[in-house]
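Not measured: the values here are computed from a predicted model.
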Amino acid sequence: MERVIKLKPTDPNSNTAYNCNNSGCVFIMVKPMSKALLRHNLLSRRAAITADPQPLIAHICNYIAAHGIATAAAYVPTATEPGGGLALIDALTSATQTLYLPAIAAQRQLTWGTYTAPSDLRRGRFNIPEPREAPWGNNVLASCELVLVPGLACTPGGVRLGRGGGFYDRALAGLDRSVCELAVVLHPWEVLDDIEFEPHDVLMDRIFTAEGTVRCSRDV
């Protein structure tokens, strides 16, 4: 009689298992959960919790200070995203010399503007705060040493799950990764064993959570 035992019984997103019978157990991989279902599960969990943003903010700012990062790009976290909204952005403003934030433009493209104070922002598409003035295209990211990227999950190999619009995959494609590091900001439980990889997906270099930072292997 065969039975399947999850390696992480409390993690509904785990895709690793043992296939066991009377002769013993064999390690197997099961098909990753569909992105649509995974997004639904992760968004539901986010909506149900409230997390203190300060440990996460401290890890990010300590990393910036330790690596002498002067120019960065980020985004304003929404109410359910890790980071505490403007708390993260104001901390990043103090930690860097120049901070770029995105605005949503036509044809699912991003443009970028600098941030110095909350008065620089307005409510944009999807009711997300964005710069009032965002005159630069994605090429401005080439001047950044760190780009913080929103996401719903990421693997230790750097495969990021976004919301499905493709805004950041288009914006980040072609960046010189020896100069610019890409980091996704997550809750600790959103670091998953496996996420389906697609050819257009841009791999992350780093994951920031309230528990610290994970350097991604960028293996798929």
Side-chain angles (χ1 to χ4, degrees), residues 4-19 27-51 53 56 73-85 88 102-110 123-130 138 147-175 182-211 214 216-220:
V4 174
I5 305 173
K6 287 281 189 179
L7 290 180
K8 297 181 179 179
T10 59
D11 180 2
N13 302 313
S14 177
N15 73 314
T16 51
Y18 285 122
N19 193 11
F27 178 77
I28 62 171
M29 299 293 291
V30 296
K31 185 177 181 180
M33 185 180 297
S34 74
K35 286 188 173 182
L37 180 57
L38 187 53
R39 287 187 183 102
H40 172 78
N41 290 349
L42 293 165
L43 287 168
S44 296
R45 184 167 184 181
R46 280 189 175 183
I49 62 99
T50 300
L56 170 62
Y75 61 96
V76 182
T78 65
T80 59
E81 289 178 323
L88 172 61
I104 297 176
Q107 299 180 334
R108 296 194 172 191
Q109 298 294 323
L110 297 178
R123 291 283 173 176
R125 191 176 175 186
F126 307 123
N127 204 35
I128 298 173
E130 64 182 27
N138 294 322
V147 178
L148 297 183
V149 183
L152 296 176
C154 191
T155 71
V159 181
R160 166 186 161 270
L161 179 70
R163 291 179 180 257
F167 292 95
Y168 278 87
D169 288 320
R170 284 186 289 274
L172 303 174
L175 282 177
L182 307 181
V184 62
V185 181
L186 301 173
H187 293 300
W189 58 84
E190 294 168 343
V191 181
L192 305 181
D193 292 337
D194 191 45
I195 297 170
E196 181 184 356
F197 176 77
E198 298 180 78
H200 65 267
D201 291 334
V202 175
L203 296 178
M204 298 291 103
D205 298 297
R206 188 167 298 277
I207 304 168
F208 285 114
T209 78
E211 294 180 355
V214 176
C216 297
S217 63
R218 289 173 59 185
D219 293 332
V220 294

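The two residues Ala51 and His187 have their closest heavy-atom pair at CB-CE1, 3.8 Å. Listed here is the closest heavy atom pair of Val76 and Ile128: O-CG2, 4.5 Å. Shortest non-hydrogen contact noted between Leu110 and Ala171 is CD1-CB, 4.0 Å. Annotation for Val185 and Tyr75: closest pair CB-OH, 3.4 Å, computed over non-hydrogen atoms.
Side chains of Arg163 and Leu43 form a contact here, defined as non-hydrogen atoms less than 4.5 Å apart. The shortest distance between side-chain heavy atoms of Arg160 and Val149 falls below 4.5 Å. The closest side-chain heavy-atom distance from Thr155 to Val191 is not below 4.5 Å. Considering only heavy atoms from C-beta on, Pro150 stays 4.5 Å or farther from Val184 through its side chain. Counting heavy atoms from C-beta on, the side chains of Leu186 and Leu152 never come closer than 4.5 Å. Looking only at side-chain heavy atoms (C-beta outward), Pro129 and Arg123 come within less than 4.5 Å of each other.
Taking OH of Tyr168 as the start and CG of Asn138 as the end, the distance is 10.0 Å to the nearest 0.5 Å. Between Cys154 atom SG and Leu192 atom CG the span is 9.0 Å, to the nearest 0.5 Å. Here CG of Asp201 is found 8.5 Å from CG of Leu161. Values are rounded to the nearest 0.5 Å. Taking OG from Ser34 and CG from Asn41, the interatomic distance works out to 8.5 Å, rounded to the nearest 0.5 Å.
With sequence neighbours excluded, no residue forms a side-chain hydrogen bond (donor to acceptor under 3.5 Å, both in side chains) with Gln107. With sequence neighbours excluded, the residues forming a side-chain contact (heavy atoms from CB on, under 4.5 Å) with Arg206 are Tyr63, Glu181, Ala183, Phe208, Thr213, Arg215, listed by chain and number.
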TODO: Given side chain to side chain contact (heavy atoms under 4.5 Å, CB included), test Met204 with Leu172 step by step and report yes or no.
DONE: CA-CA 10 Å; Met204 298 291 103; Leu172 303 174; 4.1 Å; yes
Open item on the list: Let's go through Ile207 and Cys216 carefully: what are the C-alpha distance in whole Å and the side-chain angles of both, what is the deciding distance for side chain to side chain contact (heavy atoms under 4.5 Å, CB included) to 0.1 Å, and is it a yes or a no?
Closed with: CA-CA 7 Å; Ile207 304 168; Cys216 297; 3.7 Å; yes
Task: Worked check of side chain to side chain contact (heavy atoms under 4.5 Å, CB included) between Phe167 and Gln109 - done: CA-CA 6 Å; Phe167 292 95; Gln109 298 294 323; over 6 Å; no
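A salt bridge links Lys35 and Glu198; the closest N-O separation between the charged side-chain nitrogens and carboxylate oxygens is under 4.0 Å. Using a 4.0 Å cut-off between charged nitrogen and carboxylate oxygen, Arg46 and Glu190 count as a salt-bridge pair.
Asp205 contributes a side-chain N or O that, together with a main-chain N or O of Leu182, makes up a donor-acceptor pair within less than 3.5 Å. Using modelled atom types, one side-chain atom of Glu130 and one backbone atom of Ile104 make a donor-acceptor pair closer than 3.5 Å.
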